[in-house]
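See below for the structure under consideration.
Counting convention: from 1, in listed order, for ligands and their atoms alike.
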Amino acid sequence: MTRRAWIGSVGAVALAAATLTRGVPSLQAQAAGDAQKAVDAAYAKFKTLQEGKNADYIPALAKVDPNLFGIALVTVDGKVYTAGDVKTEVSIQSISKVFTMAQVIQEQGLDSIEKRIGVDATGARFNSIIAVEAVKTVVGTGAPEMNALVNPGAISATSMVRGANGDEVWKKIIGFHNDAAGRQLSVLQDVYKSESDTNQRNQAIGALMLAYGYIKDNWQQAVDLYTRQCSIGVNARDLGMMAATLAAAGKNPVTNKQVMDPDKVPGVLAVMATAGLYDDSGKWLYHTGLPAKSGVGGGIIAVSPGKFGIAVVSPPLDDAGNSIRAQRAITDISNALGGNPLAARPKPKS
Ligand code: DON
């Protein structure tokens, strides 16, 4: 199946149709119609949902409008389908962990993250200190059973980005995020200040990670840069584009910039699949099959490899720290469009 033929395909039917109707515009128009229809339907269905609560342990996040709701689906050939508010920025929060991990993998190889931090789920909350104390090593490899998507692993991953000083490291981190989003992003200063004033727990985690050898030096710089990366402002469209860059084997489908080597992307997606929604990652994967990542700012990105990236922004969260509307909308849309990469579809009889 060509990449263009996937949307709206109920698998085999689209494969047959794509072959038969090459050059006939109606199939693509139909596929585009299906994608927009699915996005619009999810928006209408969940717009009035009143469940969950904004994160408030970072005071600035409690002030964000809980009614903000935007959906953006971006295909691997750069088509964008949206509903709701896809312009208002929220802080990227933990979704940044994916891109800093990806940057370390791109710069230093797949082994670097696996050996220093690990690629196993902790099954604990994102900022668990007990999980740091309980961490074991994988028998025979010496790799820790942790990952770069929980705070201890993420702060450690940030410390691994190479640079002569903090400014140099920061330019690389924001540069990688910019390339994935396809535009120049900037830090939401109110969120950065609010989180810097209240992130004593992350500081304790940073110090602990130095003590245990995950961070080699200067844990304070690592925590500060981590806090800054979590405060990057993004809208639903940016996040959809970032997800689509991963779906398109590391190439931003609109700017066409190859942000990451294609052979390194599956490693990133694997960690997202096992740990992207923290202790609810299993449930999420069970219903969608999609590698994904949430942030306490209200965003979730999800990736259907070779097909599309999708993002939703909606601040109210569940107890695990994942946006409720985002989980529901992405599940509906992806399932309507056949986005589950674990679902094989039978071939048509010829
Ligand atoms: O470190 C923190 O607590 C936040 N900057 C990020 C946490 C987060 O987004 C967890 N995600 N669901």
Side-chain angles (χ1 to χ4, degrees), residues 52-64 89-101 117 121-129 131-132 146-159 173 177 187-209 215 219-234 239 242-243 271-281 283-284 291-302 311-327 330:
K53 198 169 150 296
N54 283 26
D56 58 7
Y57 72 98
I58 300 167
L61 301 188
K63 296 188 197 141
V64 178
E89 292 183 357
V90 294
S91 52
I92 188 169
Q93 295 299 339
S94 284
I95 299 169
S96 67
K97 294 167 176 170
V98 170
F99 296 91
T100 299
M101 172 178 71
I117 296 167
T122 63
R125 280 187 67 74
F126 61 85
N127 57 3
S128 171
I129 290 173
V132 177
M146 207 204 286
N147 66 75
L149 301 183
V150 288
N151 291 13
I155 294 167
S156 305
T158 300
S159 82
I173 291 174
H177 284 72
V187 167
L188 300 176
Q189 292 299 333
D190 60 326
V191 177
Y192 176 49
K193 181 171 185 333
S194 177
E195 185 161 348
S196 298
D197 288 346
T198 54
N199 69 350
Q200 289 76 22
R201 187 181 180 98
N202 281 342
Q203 293 180 45
I205 289 173
L208 206 54
M209 298 312 270
I215 295 179
W219 64 264
Q220 292 92 338
Q221 175 175 295
V223 173
D224 177 54
L225 292 176
Y226 163 83
T227 307
R228 232 189 284 179
Q229 79 181 40
C230 287
S231 308
I232 294 171
V234 282
L239 290 174
M242 295 170 93
V271 184
M272 290 170 73
T274 52
L277 268 69
Y278 306 113
D279 36 330
D280 277 351
S281 298
K283 260 188 270 171
W284 169 261
K293 183 73 204 83
S294 60
V296 288
I300 295 186
I301 61 169
V312 173
V313 168
S314 167
L317 310 177
D318 64 15
D319 288 344
N322 302 318
S323 165
I324 293 180
R325 278 200 199 108
Q327 290 177 76
I330 293 172

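At least one heavy atom of Asn151 sits under 4.0 Å from some atom of ligand 1.
Side chain of Ser128 to main chain of Ala124: no donor-acceptor pair is present (N/O by atom type, distance under 3.5 Å, no hydrogens or angles). Using a distance-only test at 3.5 Å, with no hydrogens or angles considered, no donor-acceptor pair links the side chain of Asn202 to the main chain of Ile205.
Under 3.5 Å, the side chains of Thr158 and Gln229 contain a donor-acceptor pair of N or O atoms. In the model, Asn199 has a side-chain atom that pairs as donor or acceptor with a side-chain atom of Gln203 under 3.5 Å.
Residue contacts with ligand 1, taken as heavy atom pairs separated by less than 4.0 Å, involve Asn202 solely via side-chain atoms from C-beta onward. Under 4.0 angstrom from ligand 1, the non-hydrogen atoms of Val296 come from both its backbone and its side chain. For Cys230, every heavy-atom contact with ligand 1 shorter than 4.0 Å involves the side chain, none the backbone.
In terms of protein heavy-atom proximity, atom 1 (O) of ligand 1 is closest to Tyr226 OH, 2.6 Å. At the shortest separation from atom 4 (C) of ligand 1 among protein heavy atoms lies Gln93 OE1, 3.1 Å. When hydrogens are left out, the protein atom nearest atom 3 (O) of ligand 1 is Tyr57 OH, 2.6 Å; that is the closest non-hydrogen contact.
Every atom of ligand 1 is numbered from 1 in the order shown, and the set under 4.0 Å from a heavy atom of Glu195 is 1 (O), 2 (C), 4 (C), 5 (N). Counting atoms of ligand 1 from 1 in the listed order, those under 4.0 Å from a heavy atom of Phe126 are 3 (O), 7 (C), 10 (C).
Taking all heavy atoms of Ser294, Gly295, Ala55, Ser94 into account, the minimum distance to atom 7 (C) of ligand 1 is reached by Ser94.
Partners of Asp190 under the salt bridge (Lys or Arg N to Asp or Glu O under 4.0 Å) rule, at least two apart in sequence or in another chain, do not exist in this structure.
Using a 4.5 Å heavy-atom threshold, the side chains of Gln93 and Cys230 count as touching. Within the 4.5 Å cutoff, side-chain heavy atoms of Phe126 are placed close to those of Val296.
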